[in-house]
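Sequence lines set the chain letters: A, B, ... in the order given, protein chains first and strands last, and positions in each chain run from 1.
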Number of protein chains: 2
Amino acid sequence: MEQRDLPCCEENLIHSDAVERVRGLLPRDETLYDLAELFKIFGDSTRVKILYALLEGELCVCDIAKLMEVTQSAVSHQLRVLKTSKLVKFRREGKTVYYSLADEHVTRILSQGMEHIQE
Amino acid sequence: MEQRDLPCCEENLIHSDAVERVRGLLPRDETLYDLAELFKIFGDSTRVKILYALLEGELCVCDIAKLMEVTQSAVSHQLRVLKTSKLVKFRREGKTVYYSLADEHVTRILSQGMEHIQE
DNA sequence: CTATCATATGAACATATATTCATTTGTTTG
DNA sequence: CAAACAAATGAATATATGTTCATATGATAG
């Protein structure tokens, strides 16, 4: 049998009312996209580990690299990602750059996630 | 100049004390990995959209497909991912399968993320 | 100014992953 | 049982993304 365009549920939806109602309640596509982009940042073990480390206070790039056991370059790339998403902030002191968490949202998001996986 | 193994911060760390302290406080690598895996699930706009839709109540696969404007197959694949991570649950009613959110963690995680991007 | 060190960046590569297409499974109805 | 339909699955493809290597930038010390 060959596939049609959208054979799913035919033209008459099973619950067209529900679909229309929900459609009206959904955030804008752009918002949902941004939200997914945010969570994508948390969706990498190196970055999550960096964020968890920064919960304990500020650290310089090379300290983080030691902790993660990855290249300084890799850490630097990831810190740029975190910085761009406003999840971390930094201050320069001579040659050294110290990174720290930008705000408490990071903590809360991490906590909620941790709760879910630990139940 | 050629690159050495780990020229970063030489052997004597800048803050070896801080590094060691934080190392002791970090969750296990496996836990951090699982956490990243969880957030990865939220890190896709299709899945986030599905989860937001389910905030309003249960929906069948084909309704979700209509809402997302993607293939029934794509939705089904994503629902499997969400199901595996215990973010959604389902019940069967005849030919139709209804999906709904598994618990309130989903709601909380979405809320925290939304707060961050909207500030 | 030159050397050195901490960090950042660019390019390349390898891996992961989301979607589509085709097909299958499972259920209901004639 | 056969047809029809909702949902699930497998394979293939295209794209995204994380790491490494090499190099550049920016800052301090001699």
Student: Below 4.0 angstrom from OP1 or OP2 of D/dT19, is there any side-chain N or O of A/Thr46?
Tutor: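 Affirmative; the distance criterion is met.
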
Student: For A/Ile50 and D/dT19, what is the distance between atoms CD1 and C1' respectively, to the nearest whole Å?
Tutor: 13 Å

Student: Are B/Glu37 and B/Ile41 side-chain neighbours, meaning at least one heavy-atom pair lies under 4.5 Å?
Tutor: no

Student: Taking NE2 from A/His15 and C1' from D/dA6, how many angstroms apart are they, rounded to a whole number?
Tutor: 12 Å

Student: Strictly below 4.0 Å: does A/Lys95 bring a side-chain N or O up to OP1 or OP2 of C/dT4?
Tutor: no

Student: Do the side-chain N or O atoms of B/Thr71 get closer than 4.0 angstrom to the phosphate oxygens (OP1, OP2) of C/dT19?
Tutor: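 No, no such contact exists.
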
Student: Check the phosphate of C/dT7 against A/Ser76, side-chain N and O only, distance under 4.0 Å to OP1 or OP2. Yes or no?
Tutor: no

Student: Can you find a donor-acceptor pair, distance only, under 3.5 Å between A/Ser73 side chain and C/dT9 base?
Tutor: yes

Student: Atom CG of B/Leu82 to atom P of D/dA7: distance rounded to whole Å?
Tutor: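 Whole-Å distance recorded here is 15 Å.
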
Student: Just to confirm, is there a sub-4.0 Å distance from OP1 or OP2 of C/dA8 to any side-chain nitrogen or oxygen of A/Tyr99?
Tutor: yes

Student: Please report, rounded to the nearest Å, how far the P atom of C/dT7 is from the CD atom of A/Gln78.
Tutor: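 That distance rounds to 16 Å.
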
Student: Check the distance between D/dT20's P and A/Met68's CE and give it to me in whole angstrom.
Tutor: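 A/Met68 atom CE is separated from D/dT20 atom P by 13 Å.
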
Student: Take the protein atom CG of B/Asp44 and the nucleotide atom P of D/dA16, then report the distance between them rounded to whole Å.
Tutor: 12 Å

Student: Mind checking whether A/His105 and B/Glu119 have side chains closer than 4.5 Å, heavy atoms only?
Tutor: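 A side-chain contact exists here, since the closest heavy-atom pair is under 4.5 Å.
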
Student: Quick one: B/Arg80 CZ to D/dA11 P, roughly how many Å, whole number?
Tutor: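 So the CZ-P distance, B/Arg80 to D/dA11, works out to 12 Å.
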
Student: Between A/Glu93 (CD) and C/dT7 (C1'), how many Å, whole number?
Tutor: 15 Å

Student: Identify whether the distance between the nearest side-chain nitrogen and carboxylate oxygen of A/Lys49 and B/Asp29 falls below 4.0 Å.
Tutor: yes

Student: Does the side chain of B/Arg92 get closer than 4.0 angstrom to OP1 or OP2 of D/dA7 through an N or O atom?
Tutor: no

Student: For this output row, return yes or no: ring centroids of B/Tyr98 and A/His15 closer than 6.0 angstrom.
Tutor: yes

Student: Is the terminal nitrogen or CZ of A/Lys40 (NZ for Lys, CZ for Arg) located under 6.0 angstrom from the six-membered ring centre of B/Phe39 and within 45° of that ring's axis?
Tutor: no

Student: What I want to check is whether an N or O donor and acceptor connect the side chain of A/Gln72 with the base of C/dA8 at under 3.5 Å.
Tutor: yes

Student: For B/Ala74 and for A/His77, locate the closest nucleotide of DNA chain D by heavy-atom distance; then report the residue assigned to the nucleotide nearer the 5' terminus.
Tutor: B/Ala74

